[in-house]
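Reviewing the structure listed below.
Both counts, for ligands and for their atoms, begin at 1 and track the order of listing. Quick caveat, the model's predicted, so the values are computed rather than measured.
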Amino acid sequence: MSRDPRIVIVGAGVAGLTMAHVLDDNGFTDYQILEKGSDVGGVWHWNRYPGLTCDVPSQIYQFGFAPKADWGRIWATGAEIAEYFRDVADSLHITEHIRFGTEVVSAEWSDTDNEWSITTRDGAAVVADIFICATGVLHNPAIPDIAGLESFTGPVVHTARWDDAVVTDGARIGIIGTGSTGVQVVSALAPAARSVTHFVRSPQWVLWAPMRMRQPAFVSSLLRRAPWLHDRLYDGLLWGSGILADITTRPSWRRRLVQDYARLCLRLQVRDPAIRPTLQPDYEPLCKRQVVSGTYYAAIRQPHVSVVTDGIDRVTPSGIDTADGIHHDLDVIILATGFRAHDYMRPMTITGRGGRALDEVWDDGPRAYRMTAIPDMPNLFTVLGPNSPTGSISLQYSAELTAKYIVGWLHRFRRGELTTVEVTEEATDEFNREVTEATGPTVWNTGCNSWYLTESGAVDLWPFQKSTLTRMLSETVDDHFHIT
Ligand code: N01
């Protein structure tokens with residue numbers, strides 16, 4: 001019997017909006033997006049910390065199906081990106097499919113009815129034939145387990161849950177964490193702070209780039225008037241993202257060139273030979289998610305900004321004690337300590353075929369077939385799920401390819417050719433074996449501790465070239481699935 005599937009998408013960020021657009025494009029209108037936040041954007045909704053800037057150029061960090069000619073900056077601010085997401089959702093009529101403030105707490109597959117029953121925080125249930133988790137990677141803040149943190153008498157704020165009521169001007173600010181976020185926050189808060197103490201557990205390589213550069217008005221006007229040129233620019237940048245994949249996935253002179261540039265940035269910007277060694281990472285550039293900043297090294301050169309590399313011993317009511325016995329008096333503590341990146345759709349409780357829990361299926365860490373299908377989870381797909389190319393290829397491109405791949409199955413559902421589709425254990429194992437083998441020569445595997453690594457030390461990234469991503473998501477191999 002042919003009929004349109006009832007579809008539920010969780011999340012209205014890059015992945016969710018892309019999925020919705022591709023559904024609309026293919027005439028699948030019976031879908032709703034459940035979003036726990038009050039707006040679209042995903043990370044760009046939740047992250048509102050001072051200095052938030054995308055370190056990927058905006059002309060590539062945008063949806064291929066919704067090009068924006070007039071970005072204010074080459075590297076857009078978080079606020080401009082959030083507004084862009086809102087405009088895209090409204091203009092493509094996706095917003096009317098979204099239920100905001102609706103957190104999914106569980107989803108259960110029924111073997112008898114062949115459908116998902118999805119329960120939200122307020123106790124409501126939604127039934128779906130197809131359940132799509134577009135929940136992102138960086139959405140559960142990681143709160144560090146530091147002794148005494150709760151005893152601090154001033155505000156403690158995680159960057160992904162920024163509180164505008166926290167006063168930072170004129171304050172003695174302690175910032176923990178040196179990832180992309182920590183570096184941006186230090187640069188943004190230093191000018192008005194009384195002091196900034198940056199607690200650096202592991203120094204990062206920081207690539208210099210003019211992150212505050214405006215996109216010239218004539219470029220905006222030209223791209224607006226010549227959409228074909230805009231398309232060519234986007235294609236060119238997409239091709240460039242393929243080069244980045246190559247740099248990270250296999251050793252070459254191109255990788256060495258970028259790494260030499262990172263070392264040069266440190267040498268040229270941290271002239272003081274007494275300080276440079278403390279900021280010199282003990283691992284290869286590009287091993288962690290590369291930090292890019294045009295302001296960080298200048299910020300920490302200021303007399304009221306200090307970098308503390310001694311370990312944090314404990315937090316006290318008035319500040320932070322470090323292992324060298326020094327007490328740092330503070331008014332505010334900012335946690336730029338990143339995310340629990342491997343949770344994916346959890347803490348949702350997901351129960352698949354035969355009552356198998358996702359936690360059980362992922363006992364040894366998150367795994368999916370080609371980033372999108374999970375054994376024992378019929379009619380469930382992830383967009384930007386495990387092994388997504390967060391460290392190399394355009395996420396918008398990857399999300400759109402995945403969405404089109406999923407829609408391929410939905411067309412067959414609609415035509416009555418299938419009721420359920422579930423990837424086999426064997427195909428998933430085989431894909432994951434290929435992934436493990438391919439991570440060997442990647443730069444992410446060269447001896448650093450990063451959020452790319454799962455608890456068992458596996459690299460949770462896309463270790464292949466962009467062409468492999470395109471191929472794998474452009475074909476459906478029926479032998480890899482149980483289809484009823
Ligand atoms: O988080 P991170 P992030 N005591 O995990 C430290 C994206 N992003 O929010 O390295 C002391 O990179 C930890 O130390 P160590 C981007 O993909 C994009 O900065 O584990 N320190 C590390 O320094 C990025 O990679 C943009 O030793 C502790 C830091 O906290 C991703 O988000 C902007 C600690 C965490 O760094 C995450 O970046 C911002 C402890 N107990 C972010 N626990 C764009 O511009 C943790 N740390 C696109």
Return the option from Gly182, Gly311, Gly179, Gly51 holding the heavy atom at the smallest distance from atom 36 (O) of ligand 1. Gly179
Heavy atom of the protein closest to atom 38 (O) of ligand 1 (residue, atom name, distance): Thr181 OG1, 3.8 Å
Per-residue contact class, Ile176 against ligand 1 - non-hydrogen pairs under 4.0 Å: side chain
Would you verify whether the NZ or CZ of Arg161 falls within 45 degrees of the ring axis of Trp46 while also being under 6.0 Å from that six-membered ring's centre? yes
Which one holds for Thr178 and ligand 1: side chain close, backbone close, both close, or neither close, with close meaning a heavy atom under 4.0 Å? both
Going by the atom numbers of ligand 1, which of them fall below 4.0 Å from some non-hydrogen atom of Gly177? 6 (C), 23 (O), 29 (C), 30 (O)
Go through ligand 1 atom by atom and flag the ones less than 4.0 Å from a non-hydrogen atom of Ser202. 10 (O), 15 (P), 27 (O)
cation_pi(Lys466, Tyr397) dist<6.0 Å, angle<=45: yes
Under-4.0 Å salt bridge between Arg289 and Asp55: yes
Between Thr372 and Val383, is there a donor-acceptor pair closer than 3.5 Å when you use the side chain of the first and the backbone of the second? no
Would you mind telling me if ligand 1 is within reach of the side chain of Ala160, the backbone, both or neither, using heavy atoms under 4.0 Å? neither
Please classify the Phe339 to ligand 1 contact at 4.0 Å (heavy-atom distances, strictly less than): side chain, backbone, both or neither. side chain
Report yes if the side chains of Met371 and Leu473 come closer than 4.5 Å at any heavy-atom pair, otherwise no. yes
Using a plain distance cutoff, I'd like to know if Tyr49 has any nitrogen or oxygen under 3.5 Å from a nitrogen or oxygen of ligand 1. no
Find all atoms of ligand 1 within a distance of less than 4.0 Å from any non-hydrogen atom belonging to Leu138, and give their numbers and elements. 7 (C), 17 (O), 31 (C), 32 (O)
Check this for me: Asp364, atom CG, are more than 12 non-hydrogen atoms of other residues, nucleotides or ligands nearer than 6.0 Å? no
Starting from atom 48 (C) of ligand 1, locate the nearest protein heavy atom and write down its residue, its atom name and how far away it is, to 0.1 Å. Asp55 OD1, 3.3 Å
Basic-acidic side-chain contact under 4.0 Å: Glu103, Arg121: yes
Take atom CZ in Arg471; do more than 12 heavy atoms of anything else shown fall under 6.0 Å from it? yes
What atoms of ligand 1 come within less than 4.0 Å of a heavy atom belonging to Ala336? 29 (C), 30 (O), 35 (C)
May I ask whether Thr53 has any heavy atom positioned less than 4.0 angstrom from an atom of ligand 1? yes
So the atoms of ligand 1 within less than 4.0 Å of a heavy atom of Lys288 turn out to be 10 (O), 15 (P)
Derivation of the salt bridge (Lys or Arg N to Asp or Glu O under 4.0 Å) call for Asp87 and Lys68: CA-CA 10 Å; Asp87 288 348; Lys68 175 176 159 66; 5.8 Å; no
Answer yes or no: does atom CZ of Arg276 have more than 12 heavy-atom neighbours from other residues, nucleotides or ligands under 6.0 Å? yes
Nearest non-hydrogen contact to atom 18 (C) of ligand 1 from the set Arg289, His198, Met211 belongs to Arg289
Would you say Ser180 has any N or O atom under 3.5 Å from an N or O of ligand 1, going by distance alone? yes
With a cutoff of 4.0 Å, is Trp451 in contact with ligand 1, counting heavy atoms of the residue only? yes
Taking Asp460 for its side chain and Leu453 for its backbone only, find out whether a donor-acceptor pair lies under 3.5 Å. no
Is there at least one pair of N or O atoms, one from Gln204 and one from ligand 1, spaced under 3.5 Å apart? no
Do the side-chain N and O atoms of Ser293 and Gln184 include a donor-acceptor pair separated by under 3.5 angstrom? no
heavy-atom search around atom 41 (N) of ligand 1 in the protein gives Pro144 CB, 3.4 Å
What protein heavy atom sits nearest atom 20 (O) of ligand 1, and how far away is it? Arg201 NH2, 2.9 Å
